[in-house]
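One structure is given below, encoded as structure tokens.
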Amino acid sequence: MLAVALRVEQASAAHFSIIANLEGAPQIGAVNHKILYGTFKFQGDGALFSLTEKGGYSLLHAFAGDLDGQYPNAKLAIDAKGGIYGTAPKGGANNAGTVWEYSAHNGFTALHSFGNQGDGIFPNQGPTILDKSTIVGTASQGAINDNGNIFSIAAKHNTYTVLYEFLSGNDGHCPFAGVAVSDIGTIYGMTTGLGWGGNPNG
């Protein structure tokens with residue numbers, strides 16, 4: 001059993017309190033209007049949940065492996081309308097991971113299954129909001145050169161686009177982490193290595 005805790009900063013001192021005890025290795029991925037959203041990576045094929053600051057727990061979606069993804073990543077992104085976006089590194093149509101969305105109105109939707117020619121495989125971290133209707137993220141491997149890529153999905157039209165394919169040269173290879181986006185739309189990220197079998201510093 002793992003405790004999920006909340007620390008509230010106050011003017012005079014920090015206050016620490018346990019708000020819930022949850023089983024299944026919970027990961028908190030985002031906060032929206034005082035509601036915590038997170039994933040269970042190892043509860044069955046994984047799950048998405050919400051938790052209020054008073055400990056009110058709701059299971060939002062249980063993953064089903066080949067249908068919608070498996071073992072969802074920790075990081076989540078929330079758009080202006082409250083839509084929650086995430087990735088799973090396994091499962092989906094090709095067992096190479098998925099990008100998914102959950103909303104209170106439409107429920108769960110698998111936006112993209114990785115493993116099609118040139119689109120990358122195995123996203124190891126969740127996405128980031130680029131603008132009102134677009135998310136960006138990385139696939140750790142695959143793509144044409146098998147070195148991973150940076151991708152975007154225009155959620156409104158469910159359009160998947162490869163923005164950049166790593167070459168394992170000066171640009172590195174295998175972006176295992178997620179990305180950050182500046183206020184002018186510049187995307188920042190990191191790779192795990194600089195050339196296969198060579199410099200592992202990224």
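In this text the structure is predicted, and so the values were computed from the model without any measurement.
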Is a side-chain N or O of T138 found less than 3.5 angstrom from the main chain of A177, in a donor-acceptor match?
yes
In terms of hydrophobic clustering (I, L, V, M, F, W, Y; side-chain heavy atoms under 4.5 Å; direct or indirect links), are L36 and I78 co-clustered?
no
What do the steps show when you test K75 against T87 for side chain to side chain contact (heavy atoms under 4.5 Å, CB included), and what is the final call?
CA-CA 8 Å; K75 183 181 178 183; T87 58; over 6 Å; no
Rounded to the nearest 0.5 Å, what separates atom CD1 in I187 from atom CD1 in I150?
6.0 Å
Contact check, side chains of C174 and T191, non-hydrogen atoms, under 4.5 Å:
no
T161 and F151, any side-chain heavy atoms less than 4.5 Å apart:
no
Any donor-acceptor N/O pair, N116 side chain to D119 backbone, under 3.5 Å:
no
Would you check if there is a donor-acceptor pair between the side chains of D79 and Y85 at a distance under 3.5 Å?
yes
Which distance, rounded to the nearest 0.5 Å, do you find between the CG of N147 and the OG of S140?
11.0 Å
In this structure, would V31 and I19 fall into the same cluster of hydrophobic residues linked by side-chain contacts under 4.5 Å?
yes
Can you name the closest pair of heavy atoms from D45 and P72 and give their distance?
O-CD, 3.7 Å
Contact between F108 and L60 at the side-chain level, heavy atoms closer than 4.5 Å - yes or no?
no
Roughly how far apart are E23 CD and N21 CG, rounded to 0.5 Å?
9.0 Å
Exam field: side chain S152 to backbone I135, donor-acceptor pair closer than 3.5 Å
no
Suppose we call two aromatic rings close when their centres sit under 6.0 Å apart. Are F122 and F114 close by that rule?
no
Taken to the nearest 0.5 Å, the spacing of T159 OG1 from L111 CG works out to 10.5 Å
Ring centres under 6.0 Å, that's the criterion: do F49 and F40 meet it?
yes
Closest heavy-atom pair and its distance - A96, I121
CB-CG2, 3.6 Å
Going by atom types only, do Y164 and D171 share a side-chain donor-acceptor pair under 3.5 Å?
yes
Check the pair T186 / V181 against side chain to side chain contact (heavy atoms under 4.5 Å, CB included), numbers first and verdict last.
CA-CA 6 Å; T186 303; V181 177; over 6 Å; no
T128 side-chain N/O to V179 backbone N/O, donor-acceptor pair under 3.5 Å:
yes
T98-K90 side chain donor-acceptor pair, cut-off 3.5 Å
no
Common cluster, Y57/I35, ILVMFWY with side-chain heavy-atom separation under 4.5 Å:
no
Min side-chain heavy-atom separation T192-H173 under 4.5 Å:
yes
Any idea which heavy atoms bring N106 and S103 closest together, and the distance?
N-OG, 2.9 Å
Going hydrophobic residue to hydrophobic residue with side-chain gaps under 4.5 angstrom, can you get from L22 over to Y71?
no
Is it the case that the side chain of Q70 and the backbone of F63 share a donor-acceptor pair, with hydrogens and angles ignored and the cut-off at 3.5 Å?
no
For the student: nearest non-hydrogen atoms of P123 and A88, plus distance:
CG-O, 3.5 Å
Going only through I, L, V, M, F, W and Y residues with side-chain contacts under 4.5 Å, is there a path from I153 to L163?
no
With no hydrogens and no angle check, just 3.5 Å: does a side-chain donor-acceptor pair link S113 and N94?
no
To the closest 0.5 Å, what do you measure between CD1 (I129) and OG1 (T134)?
8.5 Å
Considering all heavy atoms, the nearest S182-Y188 contact
CB-CE1, 4.1 Å
Under 3.5 Å, is there a donor-acceptor pair between the E165 and N149 side chains?
no
Under 6.0 Å between ring centres, would you say that holds for H61 and Y102?
no
Testing the 3.5 Å rule here: is there a donor-acceptor pair between the side chains of T39 and Q27?
yes
Consider only side-chain N and O atoms of H112 and N158, and report whether a donor and an acceptor are under 3.5 Å apart.
no
As a quick check of understanding, evaluate side chain to side chain contact (heavy atoms under 4.5 Å, CB included) for Y37 and N32, giving each step before the final call.
CA-CA 8 Å; Y37 294 95; N32 190 36; 4.0 Å; yes
